[in-house]
Amino acid sequence: MFAGASVHAQSDQALKAAQLRFREGVALYKKADYEAARVAFAQAFAVLHSADVLLNLALAELNGGGHSLEALQHLRQYERDPKADSAVVKSKLPALIERAYKETGHLKVLDAPAGAAITIDGQPAITPLPELVDVSSGRHVLEARVQDKTLTAEVVAVAGEITPVKFGAVAATQAAPTTPAPTSSAPPVAPTATQPPPSGDAPPATPSESFWMTRRYVGVAVAGFGIIALATGGYFGMKSTDDGDRAKAAGANLGPTACANLTPPAGCADVKSAYDAQDRDHTLGVVFLGLGAAAVVTGAALILWPQSSPASRTAVVPVLSAHSGGLFLRGDF
């Protein structure tokens, strides 16, 4: 009796704590603190498993930003829940699901080899694959493994659009495929099937390879830095010219040897300061111009160079000296 009463007391305590977290989540949601509300609702739902808590969790995820995929999955879970409010399901839920759909990406695998084990970003996908797989927008890597063959497809999912995925052909084999062991103890990502967008657009017949990849984004950043460096070098070049003009003007009335005397006139200090500034600004101008030109060329090469194989490796190495600077691009293309 004592053990049973203890378990019952702990259950009641957990239930009260979950109900308290739910009320805190409602208060936080009304204050538009959606992230804190999301955490509170998630903790409450882990204990209560209530349809109402689930809907509030989905709304906090949808309004907070960064959790649109979870919101879409939870909204669909609410739609399937027999305890869901039928009025909400009919009137408000379709618009919420459509909004979450437009904020997430959707993959359509066109040619997964028969019997292949599919992973998305290293996590096993549910099999068989649904017609569309909901994912967060952005870059994703898919792998299809059949016996000793592994095919890779890299795509960039665009929010609200269907992104086709194509692995390529695999030689037919009679042997049964082997399923790889899980790579970690983390729970697998469970993509969910989804309906087509309201517009009813069909995916293109042939997927196009994404031009933008990590190397080209780096190229844009390097080229942008180069343009800034060129502008900075031009500024120091003009400043060096102004320093030279100031030095000449300061020494115009002193004569060519006045500053060589043991007791030079007071104006010689200004002349020397102007010439020192001219040398410094000239050196900085040369360094920034050299570095900027090298960065622009390197960035253009990273952007315009044709797509390389996955085994290719590139690196950008800065090279600086007292009077010059630049970037050295090395690697296999």
Side-chain angles (χ1 to χ4, degrees), residues 18-81 84-85 88-89 91-108 120-123 125-126 130 132-142 154-163 165 186-199 201 210 212-214 216-218 220-221 224:
Q19 292 171 342
L20 176 61
R21 289 298 287 151
F22 175 71
R23 290 193 294 270
E24 291 174 351
V26 172
L28 290 167
Y29 188 93
K30 290 180 179 179
K31 295 178 181 178
D33 190 350
Y34 299 119
E35 178 58 23
R38 181 189 69 83
V39 174
F41 288 140
Q43 294 173 344
F45 182 73
V47 177
L48 300 176
H49 301 292
S50 164
D52 293 335
V53 179
L54 178 62
L55 180 59
N56 280 275
L57 172 60
L59 291 174
E61 291 168 337
L62 188 60
N63 289 304
H67 299 280
S68 298
L69 178 59
E70 295 93 327
L72 180 60
Q73 294 170 343
H74 288 149
L75 288 169
R76 289 212 174 89
Q77 182 180 348
Y78 179 82
E79 186 178 34
R80 297 189 300 268
D81 195 318
D85 188 325
V88 173
V89 171
S91 61
K92 298 180 180 180
L93 198 61
L96 293 173
I97 292 178
E98 180 180 354
R99 175 184 167 188
Y101 184 98
K102 290 181 178 179
E103 295 179 4
T104 53
H106 313 281
L107 305 182
K108 182 177 181 65
I120 301 176
D121 298 327
Q123 298 294 335
I126 60 174
L132 294 180
V133 181
D134 300 324
V135 294
S136 58
S137 59
R139 176 180 173 273
H140 296 278
V141 177
L142 292 84
E154 181 176 334
V155 296
V156 176
V158 179
E161 297 185 8
I162 298 175
T163 302
V165 180
V189 175
T192 59
T194 182
Q195 299 175 350
S199 60
D201 294 335
S210 175
W212 289 106
M213 53 187 298
T214 302
R216 292 188 169 114
Y217 282 118
V218 172
V220 171

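Please read these numbers as outputs of a predicted model, since none were measured by experiment. Starting from 1, each residue takes its place in the sequence as its number.
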S136 to A157 - nearest heavy-atom pair and separation:
O-CB, 3.9 Å
Over all heavy atoms of both residues, which pair between N56 and F41 is shortest? Give the atoms and the distance, please.
O-CD1, 3.5 Å
In short, Y34 meets G64 closest at the heavy-atom pair CB-CA, 3.5 Å
From CG (L142) to CD1 (I120), nearest 0.5 Å
5.0 Å
For S137, what residues pass the side-chain contact (heavy atoms from CB on, under 4.5 Å) criterion, not counting sequence neighbours?
A159
Quick one: does any side-chain atom of Y78 pair with a main-chain N or O of V89 as donor and acceptor, under 3.5 Å?
no
Any side-chain heavy atom of L75 within less than 4.5 Å of one from L55?
yes
According to the side chain to side chain donor-acceptor pair (under 3.5 Å) rule, which pairs have a member within residues 36-54, sequence neighbours left out?
R21-Q43, E35-R38, R38-H67
Residues in side-chain contact (heavy atoms from CB on, under 4.5 Å) contact with L28, at least two apart in sequence or another chain:
D33, A36, A37
Please report the interatomic distance CD1(I97) to CG(L72), rounded to the nearest 0.5 Å.
7.0 Å
Approximate separation, where rounding is to 0.5 Å, of Q77 CD and L54 CG:
4.5 Å
About how many Å separate CD of E103 and CG of L69, when rounded to the nearest 0.5 Å?
11.5 Å
Any side-chain heavy atom of Y29 sitting closer than 4.5 Å to one from N63?
yes
Quick check: closest heavy atoms across A71 and A58, and the distance to 0.1 Å?
CB-O, 3.6 Å
In this structure, CG of L96 is separated from CZ of R76 (nearest 0.5 Å) by 12.0 Å
Which atoms form the tightest heavy-atom contact between A18 and A44, and what is the distance?
O-CB, 3.4 Å
Taking D134 for its side chain and H106 for its backbone only, find out whether a donor-acceptor pair lies under 3.5 Å.
no
